[in-house]
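Beneath this line is the structure, given in structure tokens, with notes to follow.
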Amino acid sequence: MKETIRDMLKTAVKAAAAGKKLPVDSIPDAIDVEEPKFESHGDFSSNAAMISAPVQKLPPRVIAQAIIDHIQDSEGVIEKMEVAGPGFINFFIRPDAWRPVLDQIHEKGDLYGSSNFGKGRAVQVEFVSANPTGPLHVGHGRGAAVGDSVAKILSFIGYSVQREYYINDSGRQIRTLGNSVYLRYRELSGEKIEFPDGLYKGDYIIDLAQSVRDLQGDSLLRKPESEAVGFCARYAADIILKGIRDDLAAFNVEFDRWYSEQGLYDSGSVDRSIQSFRNRGLIYEKDGALWFKTSEHGDEKDRVVVKSGGETTYFASDIAYHTEKYERGFERVIDVWGADHHGYIPRIRSFLTALDIDQERFDVILVKMVNLLRGGVQIAMSTRAGEFVTLKEVVGEVGSDAARFIFLTRHYESPLDFDLEVAKKKSNDNPVYYVQYVHARICSIVARGLERGIDAGTAGPEKHSGSIEPEEIRLIKLMNRYPEVVLHAGRRLEPHRITYFLTELASAFHTYYNKHRVLADDIELTRFRLYLVLAVRKIIKNGLELLGVSAPEKM
RNA sequence: GCGCCCGUAGCUCAGUUGGAUAGAGCGCCGGACUUCGAAUCCGUAGGCCGCAGGUUCGAAUCCUGCCGGGCGCACCA
């Protein structure tokens with residue numbers, strides 16, 4: 001509909017110019033056709049005349065009038081047009097002209113809202129990527145919800161998407177994990193242990209130590225410490241990673257690939273990467289360490305890749321990893337990180353510049369923290385002390401749907417308060433049910449219709465020529481907007497836009513439902529309304545799917 | 001001290017990448033179930049969009065400077 005109007009504007013300007021009413025026969029691409037906030041401003045409004053003023057060298061209102069005079073409305077969708085305010089052109093759509101939108105929705109079905117914006121380009125979304133040193137907590141849950149939803153949306157707008165989890169399974173933290181488990185293991189074997197700071201203290205470490213004992217008995221005590229620690233590290237990381245996979249599966253998040261950091265070392269990829277940058281003079285030696293010249297490309301200082309002790313840093317494998325991402329053929333790479341890592345961005349960006357990779361091809365989604373509350377009271381969390389609420393516990397308590405939806409109710413850059421009690425509430429406090437309820441309600445209506453012998457599947461508008469209610473037009477207008485909401489959410493990588501849209505659509509539906517009966521006395525009217533309501537159901541389901549939330553038929 | 005993010009209704013937050021008169025939910029108060037699901041709806045109140053300048057036809061949005069908050073500034077991960 002918007003495009004139609006845009007086209008009409010272009011042709012009108014050409015026609016006006018041809019008739020010598022305007023000096024220039026084109027309009028800038030920057031013009032907008034938007035839905036005004038106020039109904040009195042029409043269904044659509046354009047700033048074309050104002051934007052064109054500098055080009056046409058005429059007052060906006062004069063241009064606007066000239067355009068209106070030359071609008072050709074071949075399809076007859078416009079009821080009236082007017083010049084308003086400083087030079088807006090307002091369009092009022094004929095109520096009947098909205099009906100074809102319903103046909104489009106039904107024709108496109110599950111694909112309504114999808115597009116080919118991405119043109120099949122390969123994009124990778126890497127998210128969660130939590131170290132396998134402990135269970136996932138709520139913060140990871142938010143990252144998972146955001147990453148997965150972004151992936152779904154991008155896929156829906158025509159990208160070829162791969163979801164990846166980067167496993168930090170090498171380096172010091174894994175050794176720390178091994179040490180932690182090993183010490184607990186010795187403790188369980190009867191030794192008196194002074195548990196040092198800096199090790200992982202959660203109860204899960206003791207559980208892991210116990211299962212090492214169940215498996216190996218006392219045998220590790222007789223082995224050299226490094227070997228024993230190594231065993232504990234590998235064993236613990238495996239178990240924890242398996243737990244992470246399970247937790248994510250319960251959260252309806254699936255990855256296409258689990259990428260091992262250790263693999264980058266084993267394959268020699270890290271060494272090759274370092275060597276290649278060394279050859280190019282981008283990595284140099286100083287004070288016995290190897291440094292990357294990130295400062296030349298925007299970082300505030302150079303960064304160490306290999307410490308003087310010979311140990312590589314996290315940045316070393318990240319260089320290799322991100323290089324590989326592009327070598328694997330991804331045109332776009334999106335990393336989802338916790339906001340506390342934001343200082344890391346210039347590092348990666350400067351390295352990409354060094355690689356001569358266009359910055360446009362790299363995005364970071366920084367997800368801010370989650371404040372977990374219970375009944376308005378904040379729950380204290382400390383990863384170090386091992387006191388935190390896990391994702392598994394939250395999903396177990398409030399359910400995957402509620403958790404995912406709430407994680408996506410805010411822009412990811414905004415800190416999120418997550419109240420467990422609210423998440424469980426079955427009321428308007430809780431937007432998940434508000435939206436899901438629409439789906440269930442419509443399913444229920446359809447079922448009742450069937451009882452009366454009306455098959456909603458064959459319902460249609462064809463014979464209904466009566467007038468359309470304002471609440472019906474409002475619903476159709478909203479649904480008409482859905483494709484661009486999805487597109488925008490995808491372009492900006494902002495799933496919350498879908499959440500907001502669904503809430504708005506749900507609200508419009510509930511209002512409609514309370515005012516008008518779908519199963520009316522008039523059979524043709526009923527068929528039309530079923531047709532309408534089925535379209536709503538389709539979009540609710542589709543939108544929820546993009547958020548990774550189910551659309552129940554009964555609640 | 002430097003960098004990034006953020007200040008919008010009592011609370012939690014949106015605001016279509018510069019549009020007309022500022023938007024929701026919650027909370028408060030008052031209403032609506034003999035008919036398709038009340039997990040719903042309807043109504044009222046609530047605002048120097050942190051402050052001060054600037055850019056222009058037009059600013060919550062862009063620029064500068066303050067004030068206030070969060071985070072980051074390692075041969076950490």
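No hydrogens, no waters, no symmetry mates; every other heavy atom, side chains included, goes into these values. First the proteins, then the strands, lettered A, B, ... as listed; each starts at 1.
B:U56 and B:G10 have their P atoms separated by 34 Å, given to the nearest Å. For B:A32 and B:U44, the C1' atoms lie 16 Å apart once the distance is rounded to whole Å. Taking the C1' atom of each, B:C13 and B:C75 are spaced 43 Å apart, rounded to whole Å. Nucleotides B:U61 and B:U16 are separated by 12 Å at their C1' atoms, to the nearest Å.
For A:Arg481 and A:Glu504, the salt-bridge test passes: some basic side-chain N is under 4.0 Å from an acidic carboxylate O. Using a 4.0 Å cut-off between charged side-chain N and carboxylate O, A:Glu413 and A:Lys368 make no salt bridge. Note on A:Arg527 versus A:Glu524: salt bridge recorded, some NZ/NE/NH1/NH2 to OD/OE distance being below 4.0 Å. Using a 4.0 Å cut-off between a side-chain N of Lys or Arg and a carboxylate O of Asp or Glu, A:Lys2 and A:Glu484 qualify as a salt bridge.
Put simply, A:Tyr434 does not rest on the base of B:A39: the two rings are not both less than 5.5 Å apart at their centres and under 30° in tilt. Stacking between A:Phe38 and B:U21 is shown: the ring centroid lies under 5.5 Å from the centre of the six-membered base ring, and the planes differ by under 30°. The aromatic ring of A:Tyr437 is not stacked on the base of B:U40, since the criterion of ring centres less than 5.5 Å apart with planes inclined by under 30° is not met.
Residue A:Asn90 places a side-chain atom within donor-acceptor reach of the base of B:A20, judged by atom type and a 3.5 Å distance cut-off alone. For a distance-only test at 3.5 Å, the side chain of A:Ser45 qualifies as a donor-acceptor partner of the base of B:A20.
Consecutive Watson-Crick or G-U pairs involving RNA chain B, each under 3.5 Å on both distances, make up stems of three or more pairs at B:1-5 with B:69-73, B:10-13 with B:23-26, B:29-32 with B:40-43, B:50-54 with B:62-66.
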Would you list the protein and nucleotides 70-72 of chain B atom pairs, both N or O, that sit under 3.5 Å from each other?
none

Taking only nitrogen or oxygen atoms into account, show me every contact under 3.5 Å that the protein makes with nucleotides 47-49 of chain B, one pair per line with its distance.
none

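Atom-to-atom, CZ of A:Arg410 to P of B:U12 comes out at 10 Å; the value is rounded to the nearest Å. One can place CG of A:Leu416 at 13 Å from P of B:U12, the figure rounded to the nearest angstrom. To the nearest angstrom, P of B:U17 lies 16 Å from CG of A:Leu493. A straight line from CG of A:Leu502 to P of B:A24 spans 18 Å, rounded to a whole angstrom.
Under the 30°/60° scheme for interplanar angles, the aromatic rings of A:Tyr321 and A:Tyr259 are found to be tilted.
For the pair A:Val306 and A:Asn47, both in contact range of RNA chain B, the more 5′-proximal nearest nucleotide belongs to A:Asn47.
Across all strands shown, A:Arg481 has no heavy atoms under 4.0 Å from either base or sugar-phosphate atoms.
Side chain of A:Arg517, nearest nucleotide from B:C75, B:U35, B:C42: B:U35.
For the OP1/OP2 pair of B:G15 and a distance below 4.0 Å, the side-chain nitrogens and oxygens of A:His496 include at least one atom meeting the criterion. Contact between the side-chain N/O atoms of A:Lys515 and the OP1/OP2 oxygens of B:A32 is not found at any separation under 4.0 Å.
Within 6.0 Å of the CD atom in A:Gln262, the count of heavy atoms belonging to other residues, nucleotides or ligands exceeds 12.
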